[in-house]
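Whatever order the structure lists ligands and atoms in, that order sets their numbers, starting from 1.
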Amino acid sequence: MRTLIRNIQKLVQVEEQVVVKKAGAAMGKVSCIDNAFLLIEDGSISDFGEMTNCPAQADEIIDANGGMVFPCWCDSHTHLVYAGSREGEFVGRIKGLTYEEITRSGGGIMNSARRLRDIPEEILLENAYRRLLEVQSYGTGAIEIKSGYGLTLESELKMLRVIRALKAKTNMTIKATFLGAHVVPQEYKENRDDYIKLIIDKMLPQIADEGLADYCDVFCEKVAFSVAETEQIIGAAQGYGLKAKIHTNQFNSMGGIQAAAKHNALSVDHLEVVNDDEIEFLKAHDKLMSTLLPSAPFFLNDHYPPARKMIDSGLAVALATDFNPGSTPSGRMPFVLSLACIKMKMTPEETINAATINGAYAIEEEKHLGSIAKGKIANVFITKPIPSLAYLPYSFGSNLVDKVLIKGEVQ
Ligand code: NIG
Ligand code: FE
């Protein structure tokens, strides 16, 4: 099956030479071809170039009508499977409570866990699938989804089975992350070691046995797990072949980044609170992707990661949504790009690299996704006619995506 997209005003993020990620000054550059075509064969990109060299025939011809074509966003951090909304906490924060206070009083993640335990798997799947289609319509073609609202063996398995079912229902690339260590459940508050034992001795072996997860996450934070506990858990997960992607430095800098590097983690995510020594440390450990989630501090009215400083010191950063019912009830990547420009002073080009190739790296899909390159999977979106690249983050809140193709098929 050959699909040809013609009359592309700008083909964005073209790679002649494939890179695994972009860091520092390279993040500011996005290669494009004006007035272009893109040829897709059997779900993969087979050719592209200027319209003057456009092939005449294909099984399916799509006219981009002057829209731009981008590689789909790779959203490398979400909690898209959840049981109910938490607008009560939203109102609580308006009245002065903090996210951490809500967590300490048994709300927050525990609130979601209580709801999730009661909800049938089919309903959980139906709701998650609806959200997945919504984020896809904003250009997301690959997504990482975490468990972590189960916090019992049975409910964590339920969440991971829902993620497996989502993988079967769509052609999108989906990665599953086990986040049993999201918060210590209330019933274990006095004996937290027992909960860690449950994770290590019961949850991890069964999840590995059933092949339910690609990665393991821990919320390394004062209100959740200490650095020593984080190391215990991600160390055990490594034994099952699960690399770590951890939540750290959201509210406190306490050694999570160093722990992640020690265990060869793939990414450190959040990083609202990062000091100069940690930036230097990240530079020296450049396999670790720094994943920034600006819609979380937007929604919690907190401060943003020092993205400008990080990129100026040569680091690579990825952008992801953190879609979840507590700190980010939105999975729209274009809004994340807008926030990154407005609140973190990233340039539009930097946000595109952060949301495509660097996001792909953070889910180990950089060889298959994240750019327009021959042989990569044809997950692309066509925009409505727009005047420039910068127009995309500029026009925050609008959906400028006209068509999404996943593995070369129009959705
Ligand atoms: O990434 N910080 C920890 N986990 C999520 C929030 C989860 C929740 O509040 O439900 C986050 O922000
Ligand atoms: Fe998160």
Asks: For atom 12 (O) of ligand 1, which protein heavy atom lies nearest, and how many Å away is it?
Replies: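 Going by distance alone, atom 12 (O) of ligand 1 is nearest to Ser327 OG, 2.6 Å.
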Asks: Okay, side chain of Thr328, backbone of Asn324: is any donor-acceptor separation there less than 3.5 Å?
Replies: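 Pair absent, no side-chain N/O of Thr328 close to backbone of Asn324.
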Asks: So what's near the Fe ion (ligand 2), protein N, O or S atoms under 2.8 Å?
Replies: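 Protein N, O or S atoms closer than 2.8 Å to the Fe ion (ligand 2): His77 NE2, His79 NE2, His247 NE2, Asp322 OD1.
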Asks: Mind telling me whether Tyr394 and Tyr391 have parallel, tilted or perpendicular rings, with 30° and 60° as the class edges?
Replies: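 Correct class here is tilted.
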Asks: Which of the numbered atoms in ligand 1 are under 4.0 angstrom from any heavy atom belonging to Ile109?
Replies: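 Checking each atom against Ile109, I get 7 (C), 8 (C), 9 (O), 10 (O).
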Asks: For atom 4 (N) of ligand 1, what is the closest protein heavy atom, and at what distance to 0.1 Å?
Replies: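 Nearest neighbour among protein heavy atoms for atom 4 (N) of ligand 1, to 0.1 Å: His182 NE2, 2.8 Å.
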Asks: Using a 4.0 Å heavy-atom threshold (strictly under), name the region of Glu221 that reaches ligand 1: side chain, backbone, both or neither.
Replies: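 Contact part for Glu221 vs ligand 1: neither.
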Asks: Can you pull out the closest protein heavy atom to atom 2 (N) of ligand 1? Residue, atom name and distance to 0.1 Å, please.
Replies: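 Closest protein heavy atom to atom 2 (N) of ligand 1: Gln250 OE1, 2.8 Å.
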Asks: Would you give the length of the straight line joining atom CZ of Phe70 to atom CZ of Phe381, rounded to the nearest 0.5 angstrom?
Replies: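 Reported value, rounded in 0.5 Å steps: 5.0 Å.
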Asks: Which residue pairs satisfy the side chain to side chain donor-acceptor pair (under 3.5 Å) criterion with at least one member in residues 119-130, sequence neighbours excluded?
Replies: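 Listed once each, the pairs are Glu121-Arg161, Asn127-Arg130.
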Asks: Which heavy atom of the protein is the closest neighbour of atom 9 (O) of ligand 1, given with residue, atom name and distance?
Replies: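 Minimum-distance protein heavy atom for atom 9 (O) of ligand 1 reads Tyr99 OH, 2.5 Å.
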Asks: Would Arg131 and Tyr82 count as a cation-pi pair here, with the cationic atom under 6.0 angstrom from the ring centre and within 45° of the axis?
Replies: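 That pair qualifies as a cation-pi contact.
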Asks: Which protein heavy atom lies closest to atom 11 (C) of ligand 1, and at what distance to 0.1 Å?
Replies: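 Protein heavy atom at minimum distance: Asp322 OD2, 3.1 Å.
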Asks: Test of understanding: with side-chain contact (heavy atoms from CB on, under 4.5 Å), list the residues that count as partners of Leu39, not counting sequence neighbours.
Replies: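 Counting only residues at least two positions away or on another chain, Leu39 forms a side-chain contact (heavy atoms from CB on, under 4.5 Å) with Arg2, Leu4, Phe37, Glu41, Ser46, Asp47, Pro55.
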Asks: Pick, from Phe323, Phe219, Tyr149, the option with the minimum heavy-atom distance to atom 7 (C) of ligand 1.
Replies: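 Among Phe323, Phe219, Tyr149, the closest heavy atom to atom 7 (C) of ligand 1 comes from Tyr149.
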Asks: For Asn399 and Ser137, indicate whether the former's side chain and the latter's backbone hold a donor-acceptor pair under 3.5 Å.
Replies: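 Yes, because the side chain of Asn399 sits within donor-acceptor range (under 3.5 Å) of the backbone of Ser137.
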Asks: What pairs with Tyr304 under ring-ring contact (aromatic ring centres under 6.0 Å, His included), at least two apart in sequence or on another chain?
Replies: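 Per chain and number, Tyr304 pairs via ring-ring contact (aromatic ring centres under 6.0 Å, His included) with no residue.
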Asks: Rounded to the nearest 0.5 Å, what's the gap from NE2 on His182 to CD on Glu156? Could you check?
Replies: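 The distance works out to 9.5 Å.
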Asks: Are side-chain N/O atoms of Asn358 and Glu366 paired as donor and acceptor at under 3.5 Å?
Replies: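 Absent: no donor and acceptor within the cut-off.
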